[in-house]
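Right, one structure below, let's go through it.
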Amino acid sequence: MRVFSGIRASGDKTLGNYSGGFRQYVRTQEEALAASGEAVFCVVDMHSITTPFEPEVLREATLSVFAWLLATGLDPDRSIVFVQSHVPAHSEGAWLLGSVTAMGELRRMTQFKDRAEEQDFVSAGLFNYPVLMAADILLYDTDVVPVGDDQRQHVELTRDLAERFNQRFGETLVVPRGVYPDEGARVKNLQEPERLMSTTRGAPAGVVRLIDEPDVIRKKFKTAVTDSGREVKHDPEEKAGVSNLIEIMAVSTGASIAEIESRYDAQGYGQFKEDVGEAVVALIEPFRRRYNELRADDAELAATMRRGADKAAEISNVTLARMYERMGFVRA
Ligand code: TYM
């Protein structure tokens, strides 16, 4: 069993990234190792240049996100943790996969449409984003891709590209499957519960960042938008705000949605919101402490990146060579 996932080097990472990303990475790392498999995780810095960016910000974000991967529980001695641009096979693989990707498929990607709408300058890189993501995944003969719900369409495209490549050139690539969390696959902005929680859009007061101080987090939950009722009930259609808070509570404590509903039955929202805030603080505080420790030694982080890249290259170069071979490139 091989697990692979990636996370962009951008912005401050949020509770949403924890729920759909970090949390699942750690779980699947343990599952893969228990099954004598391998877990591979990557800071996708090359994806970060597909929307407007600043070089200094990219440099800092790459170190930061790498540190968050370790701080939330990935073990670089047991898993492979690396930075995408350190392994050239990713950009080569993306170029090869471009030959089995239709423009129409890329045009249909909702993330492309959303991001393109927000920008004056829409780069070719943004259009090709999903092809690079497919290369990331397919180069590791990946079986399982843990992601949040917003990446579902990209993972489905990856499957289609693998199948198409295999049909055209013979059995070469493993067709992966996405795994999505039962709860918290789409954590919403606390102020605008119809929107995904993200640092790039939506009210900042509704975005919980992993680096936020405890008091900041408490305040964000106290002022979270709910509704005019008083029932703590999971009903995403009618009660988007409350349902989001219930899912966050489930993610933070491991309690089930039914347990949370019955615990807060007819208590109103005040205490509930406060308790969710405390649960999130208790969850995040140890990560934040570990993050700060790791960031005190960026040279050590860079050495860990290097070791991860060497291990990643060993695997991906084999798949890449197989792709070149099957496609008829002369290998000398
Ligand atoms: P990125 O960097 O936007 O997000 C990293 C992970 O966090 C999840 N996520 C969320 N989950 C629940 N609720 C939210 N509000 C929320 N916001 C983000 C994402 O689903 C993701 O799992 N395209 C990918 C990066 C990527 C990748 C890959 C992923 C590149 N190559 C290969 C897997 C495999 C992305 O932009 O993630």
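Read the numbers this way: they start at 1 and go in the same order the structure lists the ligands and their atoms. Below, each value reflects all heavy atoms present in this structure, side chains not excepted, and no hydrogens, waters or symmetry copies. Fair warning: this is a prediction, and the values are worked out from it, not measured in the lab.
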Could you tell me whether the side chains of [X] and [Y] share a donor-acceptor contact shorter than 3.5 Å?
| X | Y | answer |
| --- | --- | --- |
| R8 | S48 | no |
| T110 | Q153 | yes |
| Y25 | S79 | no |
| Q29 | D75 | no |
| S85 | D45 | yes |
| Q24 | R27 | yes |
| Y324 | E92 | yes |

Sub-4.0 Å atoms of ligand 1 with respect to non-hydrogen atoms of [X]:
| X | value |
| --- | --- |
| Y25 | 5 (C), 6 (C) |
| L196 | 15 (N) |
| I137 | 32 (C), 34 (C) |
| I7 | 2 (O), 5 (C) |
| G20 | 11 (N), 12 (C), 22 (O) |
| H47 | 30 (C), 31 (N) |
| K13 | 2 (O) |
| G184 | 12 (C) |

At what distance is the nearest protein heavy atom to [atom], and which residue and atom is it?
| atom | value |
| --- | --- |
| atom 29 (C) of ligand 1 | G6 O, 3.2 Å |
| atom 22 (O) of ligand 1 | G148 N, 3.1 Å |
| atom 36 (O) of ligand 1 | Y129 OH, 2.7 Å |
| atom 4 (O) of ligand 1 | N17 ND2, 3.3 Å |

Would you kindly specify which portion of [X] sits under 4.0 Å from ligand 1, judged on non-hydrogen atoms: side chain, backbone, both or neither?
| X | value |
| --- | --- |
| D150 | side chain |
| A185 | backbone |
| D136 | side chain |

Given F287, which partner from the list W68, Y18, F22 fulfils the ring pair (Phe, Tyr, Trp, His ring centres under 6.0 Å) test?
Y18
Assess [X] for proximity to ligand 1: is some non-hydrogen atom of it under 4.0 Å away?
| X | answer |
| --- | --- |
| S10 | no |
| F22 | no |
| S5 | yes |

Does [X], backbone or side chain, put an N or O under 3.5 Å from an N or O of ligand 1?
| X | answer |
| --- | --- |
| V187 | yes |
| G16 | yes |
| F4 | no |
| Q111 | no |

Which distance, rounded to the nearest 0.5 Å, do you find between the CE of M249 and the CZ of R263?
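Going from the CE atom of M249 to the CZ atom of R263 covers 5.0 Å.
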Taking 4.0 angstrom as the limit, do R322 and D141 come out as a salt bridge?
yes
Distance to the ring centre below 6.0 angstrom and angle to the axis at most 45 degrees; does that hold for R107 and F112?
no
With T319 as partner, the option from V174, T172, L139 fulfilling side-chain contact (heavy atoms from CB on, under 4.5 Å) is L139
Are F53 and H47 an aromatic pair, judged by ring center distance below 6.0 Å?
no
Donor-acceptor under 3.5 Å (T28 side chain, P146 main chain):
no
Among Q151, M133, R8, which one puts a heavy atom closest to atom 2 (O) of ligand 1?
R8
